[in-house]
Amino acid sequence: MGADVGRGVQRLPPIGAKVAAVRARIAAACDRAGRDPATVTLIAVTKYASVEQVRAVVDAGVVDLGENQYQQLRDRAADPALTAAAPARVRWHAIGPLQTNKARYVARFAHAFHALDRLDVAEALSARLDRPLACSVQVNVAGEATKAGIEPGRLAEFLAAVAEDHPNLDVVGLMTMPPLTADPDDSRRWFRALRDLAGEHGLPGLSMGTTADFDVAVEEGATAVRVGGALFA
Ligand SMILES: *Cc1c(COP(=O)(O)O)cnc(C)c1O
């Protein structure tokens with residue numbers, strides 16, 4: 001019996017099997033929370049992946065790709081090995097801190113920006129955009145000294161400033177990176193805090209959850225999870 005049971009799994013390429021496993025965990029978390037898995041976007045974070053590995057996740061049906069290394073984003077957005085990945089066209093998500101001197105790559109190539117937390121970056125981006133760009137504002141929900149993100153108490157002021165001065169930055173949600181921990185359940189309170197803040201501000205998007213804690217993030221309402229290691233490591 002062993003041969004028959006194992007065969008279907010073994011035939012999948014390794015990355016295809018990892019994509020299937022991550023999707024199954026998202027579906028299970030949705031099930032626990034009474035959510036529709038179609039409301040959760042899986043973003044494959046490619047910063048440590050080779051172009052061949054990225055192509056393999058695209059071939060496995062993942063069309064949303066995340067980068068925080070913006071030169072790599074620029075190179076890969078133009079790489080024929082990826083742009084030719086029919087039938088689905090890939091969408092690049094810029095997910096990490098952005099320096100103003102790289103704003104042009106995000107303005108040109110990104111489908112969405114997940115780490116808006118500074119007005120100088122908002123300024124640099126909107127000056128280079130000739131279209132609306134979906135943005136999530138990064139919030140430092142745990143108030144960690146070394147972490148990027150707006151303090152929760154300053155969010156209202158920041159959202160107002162962006163809305164007033166940068167109509168091309170279409171703020172659709174909030175994003176967070178909770179404190180590193182070995183226990184995924186430790187992230188739950190920070191995901192809830194982000195969800196509450198998003199609710200207060202009428203924002204539908206919640207970009208939260210990585211390899212360490214994406215199941216918990218989905219249970220708490222994530223609309224996008226950013227997963228690297230579970231797909232590529
Ligand atoms: C690297 C990265 C991720 C993915 O982290 P993994 O632990 O590899 O899943 C998610 N979000 C951001 C902002 C990242 O830089």
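For ligands, and for the atoms within them, numbers begin at 1 and follow the listed sequence.
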Spell out, as yes or no, whether a donor-acceptor pair under 3.5 Å connects the side chain of [X] to the backbone of [Y].
X      : Y      : result
Gln72  : Lys47  : yes
Arg226 : Val45  : no
Thr46  : Gly66  : yes
Arg104 : Asn101 : yes
Asn140 : Gly143 : yes

TODO: Looking only at distances, please establish whether an N/O atom of ligand 1 is found under 3.5 Å from an N/O atom of Ala230.
DONE: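 No; every N/O pair is 3.5 Å or more apart.
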TODO: Please indicate whether any nitrogen or oxygen in Gly96 is less than 3.5 Å from any nitrogen or oxygen in ligand 1.
DONE: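 No, Gly96 has no N/O under 3.5 Å of an N/O on ligand 1.
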To the nearest 0.1 Å, how far is [atom] from its closest protein heavy atom, and which atom is that?
atom                    : value
atom 4 (C) of ligand 1  : Arg226 O, 3.6 Å
atom 8 (O) of ligand 1  : Gly229 N, 2.8 Å
atom 15 (O) of ligand 1 : Lys47 NZ, 2.7 Å
atom 5 (O) of ligand 1  : Thr210 CB, 3.8 Å

- [ ] Look at atom 6 (P) of ligand 1 and find which of Thr211, Asp213, Val227 reaches it with the closest heavy atom.
- [x] Thr211
- [ ] Tell me which part of Met177 gets within contact of ligand 1: side chain, backbone, both or neither, using heavy atoms under 4.0 Å.
- [x] side chain
Open item on the list: Suppose I only count heavy atoms of Asn68 and a 4.0 Å limit; which atoms of ligand 1 are within that range?
Closed with: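 Under 4.0 Å from Asn68, ligand 1 has these atoms: 15 (O).
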Task: Atoms of ligand 1 close to Ile95 [distance to a heavy atom under 4.0 angstrom, numbered from 1] - done: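 Listed by number with element, the hits are 11 (N), 12 (C), 13 (C), 14 (C).
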TODO: Identify whether the distance between the nearest side-chain nitrogen and carboxylate oxygen of Arg188 and Asp185 falls below 4.0 Å.
DONE: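 Counted as a salt bridge, because a side-chain N and a carboxylate O are separated by less than 4.0 Å.
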Task: ILVMFWY network linking Leu231 to Met177, side-chain heavy atoms under 4.5 angstrom - done: no
